[in-house]
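In what follows, a structure is listed as structure tokens, so that the remarks can point back to it.
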Amino acid sequence: MCGIIGVAGCGDETLSVVLDGLSTLEYRGYDSAGVALTDETLDVAKREGRLSVLQSALEERADPPTGEVGVGHTRWSTHGPPTDVNAHPHTDQAGRVAVVHNGIIENYQQLRDDLREEGVEFESDTDTEVVPKLIAAALDAGADPETAVREGVDRLAGSYALVVTIAGDDRLFAARNDSPLVLGIGDGAHYLASDVPAFLEHTREVVYLNDGEFATVSADDYRVTDADGTRVEKESTTVNWSAEQTGKGGYDHFMLKEIHEQPTALRQSLSGRTDALDGRVTLEELDEPGDPRRVQFVAAGTSYHAALYGAALLRQAGVPAQASLSSEYATAPAPVSTDTLVVGVTQSGETADTLSALREARDRGAETLAVTNVVGSTAARECAHALYIRAGPEICVAATKTFSSQLVTLNLLAEHLAGQDAGTRKLIPALRNLPDDLQAVLDQSVATTVVDDYLGKESFFFIGRGLHHPVALEGALKFKEITYEHAEGFAAGELKHGTLALVTPETPVFAVVTGEGERAHKTIGNVKEVQARGAPVVAVTDGVSEVQRYADHVLAVPETHERLAPVLANVQLQLVAYHMADRLSRSIDKPRNLAKSVTVE
Ligand code: M6R
């Protein structure tokens with residue numbers, strides 16, 4: 001996820017309007033930033049690091065960039081580490097076309113190969129660089145600027161919000177597919193951005209672009225067209241947000257925003273990695289797997305719950321696998337040999353316990369792999385291999401979208417390591433449908449009703465069996481982390497071995513049960529046990545299981561592949577935790593005593 005902006009009609013203020021806009025978009029990515037301002041020529045400036053690094057560099061320039069139009073970008077790396085060269089805007093060889101992009105161009109490798117054959121050279125590792133080069137090729141072939149942009153965009157597969165500026169042209173060209181892009185209508189000026197706050201200081205009148213639409217924007221006019229070039233009449237909307245809300249894209253908290261970003265996060269995690277036609281998973285970052293090996297996961301907190309899930313997937317596929325808490329593994333590692341792959345699951349890639357466990361494993365001769373969200377993080381640099389979950393930046397201390405993206409990416413890794421078969425072919429359509437299923441959970445959840453009924457209860461228990469066990473643990477962790485109320489997660493069959501003594505009418509039990517069969521049947525038995533002690537039961541279920549007959553409340557999830565039901569069930573529990581914390585007026589985004597990245601052991 002990245003933040004993009006384009007402005008037309010700001011005269012001498014172009015640079016400051018672009019930079020101010022970028023500062024409100026930094027929540028979308030902050031590992032590098034860049035701008036391009038255009039008049040008869042392009043003036044491009046970009047730097048690795050936070051926006052402030054770019055701002056300082058521009059302040060030092062005797063001749064800061066000027067132009068009637070300008071574009072800007074703040075980056076969250078997906079292809080290539082955060083460096084000056086990989087920062088956006090990207091340009092063509094002659095320096096006529098500059099492009100800022102948010103999304104992932106899935107067919108960039110093929111396009112690069114095609115362009116290279118025509119003699120085009122590339123300087124960055126990014127997927128984006130093909131875009132200005134395609135547009136330049138069309139210009140060279142005689143196309144006018146607008147046609148050249150369309151022809152370039154027509155060749156792209158994947159997700160994109162793009163803003164393009166061309167030297168000598170006072171218009172901006174924009175296109176959208178699966179990544180947000182909004183147009184702002186000002187007084188003698190127009191704006192394009194990933195999110196409204198980027199131009200809210202200048203206008204509240206906005207037009208939301210849809211997938212497949214193009215926009216041509218100048219200081220005093222804008223035109224939106226569909227993929228065929230036919231004009232689309234768009235209605236503008238007046239946004240009425242408070243300044244405080246804007247950095248959160250209109251949500252009250254980053255946590256809620258990030259919960260709602262999950263369909264997009266999952267699309268990014270999956271982008272270009274599954275092929276529905278040949279029924280295979282491809283992870284470009286990793287070597288072709290050799291013989292199945294022993295796999296040990298190390299992780300902490302929420303990432304440990306993802307690791308438990310990943311290990312269970314591999315065991316189901318016949319690969320010996322286990323998950324350990326990083327802090328334990330670091331001082332008491334499991335035996336490793338040269339055929340052991342140790343996988344560190346870490347959103348930040350900076351958790352001291354996990355780095356320590358990975359170093360211990362590496363020193364003992366194991367091969368290491370980081371499954372992380374942060375390109376260029378310590379874990380990514382120190383491990384032999386890195387696999388990115390591509391969730392985009394997560395600001396709230398409580399992990400939400402990164403957990404979902406970890407579960408999805410671990411499914412891909414399990415297929416990669418275990419050898420792909422007919423099971424992979426069956427999993428892929430369900431994976432590709434998962435973002436829509438998750439959206440349905442967000443649209444239909446009745447978590448607030450559940451929360452209202454159980455405000456003030458003494459303790460909250462979460463149970464699940466098999467792949468739902470990590471979800472029960474994660475549901476309880478999220479709940480206590482942001483509500484400060486007591487919560488515990490258990491394997492469903494374990495409750496009766498002690499904790500049942502605490503179960504009363506004052507202790508709601510959240511039971512995650514989907515599908516039918518032995519596991520679901522046994523968990524329903526555990527539900528009856530708690531119900532017999534008077535505990536209210538909330539079933540998180542897909543409607544296939546008959547658990548709803550015994551439940552006081554049902555939090556429904558769509559039916560899906562049994563391996564993916566935990567992803568959807570977890571979203572309901574995220575919403576329960578969020579709304580309970582909100583009712584209790586807790587500090588949701590920064591819970592007491594906690595930090596986003598725990599860099600001490
Ligand atoms: O960055 P990591 O995934 O390595 O962080 C590990 C834990 O500190 C983290 O998952 C923590 O438990 C979550 N922020 C809790 O929501």
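Just follow the structure's listing: the first ligand is 1, and inside any ligand the first atom is 1.
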Query raised in the report: Applying the side chain to side chain donor-acceptor pair (under 3.5 Å) test to Tyr329, which of Gln296, Glu360, Gln322 qualifies?
Result: Gln296
Query raised in the report: Tell me the salt bridge (charged side-chain N to carboxylate O under 4.0 Å, His left out) pairs involving residues 371-384, sequence neighbours left out?
Result: Arg359-Glu382
Tabulation required: pairs of a nitrogen or oxygen in ligand 1 and a protein nitrogen or oxygen under 3.5 Å; columns are atom names and distance to 0.1 Å; otherwise 'none'.
from: ligand 1; atom 1: 1 (O); to: Ser348; atom 2: N; distance (Å): 2.9
from: ligand 1; atom 1: 1 (O); to: Ser348; atom 2: OG; distance (Å): 2.6
from: ligand 1; atom 1: 1 (O); to: Thr351; atom 2: OG1; distance (Å): 3.3
from: ligand 1; atom 1: 3 (O); to: Ser303; atom 2: OG; distance (Å): 2.5
from: ligand 1; atom 1: 3 (O); to: Gln347; atom 2: N; distance (Å): 2.7
from: ligand 1; atom 1: 4 (O); to: Thr346; atom 2: OG1; distance (Å): 2.6
from: ligand 1; atom 1: 4 (O); to: Thr351; atom 2: OG1; distance (Å): 2.5
from: ligand 1; atom 1: 5 (O); to: Thr351; atom 2: OG1; distance (Å): 3.3
from: ligand 1; atom 1: 10 (O); to: Thr302; atom 2: N; distance (Å): 3.2
from: ligand 1; atom 1: 12 (O); to: Thr302; atom 2: N; distance (Å): 3.1
from: ligand 1; atom 1: 14 (N); to: Val397; atom 2: O; distance (Å): 2.8
from: ligand 1; atom 1: 16 (O); to: Thr302; atom 2: OG1; distance (Å): 3.4
from: ligand 1; atom 1: 16 (O); to: Ala399; atom 2: N; distance (Å): 2.9
from: ligand 1; atom 1: 16 (O); to: Lys478; atom 2: NZ; distance (Å): 2.8
from: ligand 1; atom 1: 16 (O); to: Glu481; atom 2: OE1; distance (Å): 2.8
from: ligand 1; atom 1: 16 (O); to: Glu481; atom 2: OE2; distance (Å): 3.0

Query raised in the report: Which pairs with one or both residues in residues 441-453 pass salt bridge (charged side-chain N to carboxylate O under 4.0 Å, His left out), sequence neighbours excluded?
Result: Asp452-Arg583
Requested in this report: Would you sort out whether His385 and Glu367 count as a side chain to side chain donor-acceptor pair (under 3.5 Å), showing the intermediate values?
Outcome: CA-CA 9 Å; His385 311 279; Glu367 201 175 348; 2.6 Å; yes
Report summary line: Ala299 meets the side-chain contact (heavy atoms from CB on, under 4.5 Å) criterion, sequence neighbours left out, with Ser303, Tyr304, Ala307, Val345
Query raised in the report: Are any of the side-chain nitrogens in Arg563 or Glu415 under 4.0 Å away from the carboxylate oxygens of its partner?
Result: yes
